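Some notes on the structure that comes next.
First the proteins, then the strands, lettered A, B, ... as listed; each starts at 1. Note that the coordinates shown come from a computational prediction; the quantities given were computed from them, not determined experimentally. The figures here come from the full heavy-atom set of this structure, side chains too, leaving out hydrogens, waters and symmetry mates.
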Amino acid sequence: MLDIKIAGENSIIIYFGDEISSTLTDEIAFYTQLIKQNLNTLLIDVVPSYTSLLLTYRLGSINYESFSQLVSELINNSDFINQNTQRKTVEIPVLYDESVGFDLAELLKEAHLSLNEFIDLHSGQQYQVHAIGFSPGFAFLGQLDKRIARPRLANPRLSIPAGSVGIADRQTAVYPMASAGGWNIIGRTPLNLTLKDDNSLERFAIGDTVRFKSISKQSYLQQGGKL
Amino acid sequence: MSFQVAKTGLMTLIQDYGRYGYAEKGLSQSGVADEHAFCWANYLLDNHFNDAVLEICFGGIELKALSSSYIAVTGADLGFKINGVSQSLWQVIKVNKGDVLSWSRLIKDRGFRAYLAVKGGVKSALIFNSRSVNARENIGKLVKEGEIIPFDTHSHDIDKRCVPEMYIADYKQDLVLHLIACYQYDQFTEQQKAVFFGEDYQIDPASDRIGCRLIGQKIEQVPEQMISEGISYGSVEITHEGLPIILLKDRPSIGGYPKIGTVFSLDLAKLAQRQATSSVRFRLISLVEAQKKRKEFNAFFGMQL
């Protein structure tokens, strides 16, 4: 299913499906690259997300009809090749502890799990980057095990420290910078994930794989983590 | 070559046309709120269209010129003076070393964002290929007392041009925002659209550079929150409450509220000068018409977009 809609005077949005899945994310990652490679001179910005791709184009070079036709031909004439094996895997060390995981105790109680059982569930699988947004470098990772899924907090916190690892429904993510937010905070990484230069931009891309690794408080502090 | 900030004022930001090419990494577009005033200011000085300026909100700022240069001030009338003497807006002015530039106060119906462009543009550090400050993203900072605002040396005399009367914006006029029917437009019922297009809305004081929130009659039974997707400049979200939020330059790159359409960008420039409690209403515009007007604007100001 391919549905192209107008999104503004110089943008279109392409819908590739209507349900979140890892296959759809791989497909969108593939077509995002393809469009960037082939139509680069016509593009201002691209925003891939769970089921869609927003494209902003140069009005001075092309109009809506020609641009959407070009995009649709390009997608229809190129079969999807799953390139997920060529994408990178990012490992994120995490201290799972109540001192930095403000909602951990509550979550364990509700889920009837021990801390070790929780850690095994959260760090025992790989996640896929479904979308990037909310704040610079904030990667939405799915799908979280149902047993540790939890809805967003009714009252978002005004400030969550940088590096905090959160859970919202069946997604998990790391807050790259301190910000307000409503996710359940379960731990913190000592890594600095703020976007500060072009190298740091390469950290996550849609379709990438992410794994969490449980570390001790000592190791967390050694790696520069703050309590 | 520079200005020094003698008094901070309420809110002054360095802005250029915006940060492009980084939306897929979650960075905002950022950039000037009022493209009309911004483009004229740079045009008068024969600057590049993307040269950085000061976006002065509500006034209160005072700058000391540490070197001579040419400037242009456009946008809101915030009581701009040089050495205590009132100056005209929308024209080139020569500034001498030691001059004190001040913006004193807000005047009803005269807008609230003034633009100070300097010959050659403000040369603050480029961050991700733009000088635009974005407070939400912690990119750059508000202008503060003692800060040096750098610009290039310029020794030649330049023409003292001014903007023709007919192009000087009138911020008192009732504002009609022209909407391109797009995104989830078709998911709204005729009745919901009748409310949206039939009513005057008021600008909520909680509005900012991220979004302009509107207060008015609520749209009932808004479509459910949806899977988050890329949101374009000017797209109009309808919240659970049934009220519109127009997404602006500092918006996040993705969002999950249904959108009834997208406001034509040059109307957003006018919106940028309307204070809280002013009223706005929506009218439809065709995509062809919006693209034609925008292309004319881009061509006139030499914008390679």
* **Under 4.5 Å from a heavy atom of chain B, the part of A:I13 involved** => side chain
* Structure fact -> Of the listed A:D198, A:T51, A:I6, A:V47, the one with the largest count of heavy-atom pairs under 4.5 Å with chain B is A:I6
* Top residue by heavy-atom pair count (under 4.5 Å) with chain A, among B:N298, B:I180, B:I227? -> B:I227
* Asked: Is the number of heavy atoms from other residues, nucleotides or ligands under 6.0 Å of B:Q191 CD greater than 12?
  -> no
* Side chain from CB out, backbone as N, CA, C, O: work out which of these in B:Y22 comes under 4.5 Å of a heavy atom of chain A, or both, or neither. => both
* To do: Let me know if A:S52 has heavy atoms under 4.5 Å from chain B in its side chain, its backbone, both or neither.
  => side chain
* Nearest 0.5 Å, what's the OG-CD1 distance between B:S228 and A:I20? -> 8.5 Å
* Tell me, for B:R251 versus chain A, whether the close heavy atoms (under 4.5 Å) come from the side chain, the backbone, both or neither. => neither
* Contact origin within B:Q29 toward chain A - heavy atom pairs under 4.5 Å -> neither
* Output the distance between atom CG (A:N10) and atom CG (B:L287), rounded to the nearest 0.5 Å. => 9.5 Å
* **Shortest non-hydrogen separation from B:S232 to A:S11 and the atoms involved** => CB-OG, 3.7 Å
* Proximal component of A:Y64, with respect to chain B [non-hydrogen, under 4.5 Å] -> both
* So which of B:S265, B:P252, B:S235, B:G234 has the biggest tally of heavy-atom pairs under 4.5 Å with chain A? -> B:S265
* Please look at A:F204 and chain B and tell me whether the side chain, the backbone, both or neither of the residue comes under 4.5 angstrom of a heavy atom of that chain. => backbone
* Structure fact -> Residues B:R136 and A:S135: closest non-hydrogen pair is NH1-CA, 4.3 Å
* **Other residues, nucleotides, ligands: >12 heavy atoms within 6.0 Å of A:K213 NZ** => no
* Rounded to the nearest 0.5 Å, what separation is found between the CD1 atom of B:I127 and the CG atom of A:D197? -> 11.5 Å
* Asked: To the nearest 0.5 Å, what is the distance between CG (A:D45) and OH (B:Y20)?
  -> 8.0 Å
* Please look at B:Q184 and chain A and tell me whether the side chain, the backbone, both or neither of the residue comes under 4.5 angstrom of a heavy atom of that chain. => side chain
* Structure fact -> Here the gap from B:R294 atom CZ to A:L59 atom CG, rounded to the nearest 0.5 Å, amounts to 8.0 Å
* Compare all side-chain heavy atoms of B:L27 with those of A:L201 and state whether any distance is below 4.5 angstrom. => yes
* May I ask you to test the B:F128-A:L195 pair for a side-chain heavy-atom distance under 4.5 Å? => yes
* Asked: If you draw a 6.0 Å radius around CD in A:E65, do more than 12 non-hydrogen atoms from other residues or ligands fall strictly inside?
  -> yes
* Contact winner vs chain B - A:A180, A:A7, A:P176, heavy-atom pairs under 4.5 Å -> A:A7
* **A:I132 versus chain B, the contacting section by heavy-atom distance below 4.5 Å** => both
* Residue among B:N138, B:V288, B:I254 with most heavy-atom pairs under 4.5 Å to chain A -> B:I254
* For atom CG of A:N77, decide whether the heavy atoms of other residues, nucleotides or ligands shown that lie under 6.0 angstrom number more than 12. => yes
* Asked: Going by heavy atoms in the side chains, are B:F264 and A:E9 under 4.5 Å from each other?
  -> yes
* Is it true that B:E24 and A:K36 make a salt bridge, defined as a side-chain N closer than 4.0 Å to a carboxylate O? -> yes
* For atom NZ of A:K88, decide whether the heavy atoms of other residues, nucleotides or ligands shown that lie under 6.0 angstrom number more than 12. => yes
* Asked: Above 12 or not: heavy atoms from other molecules or residues under 6.0 Å from CD of A:E19?
  -> no
* Can you tell me how far NZ of A:K5 sits from OH of B:Y185, rounded to the nearest 0.5 angstrom? -> 13.0 Å
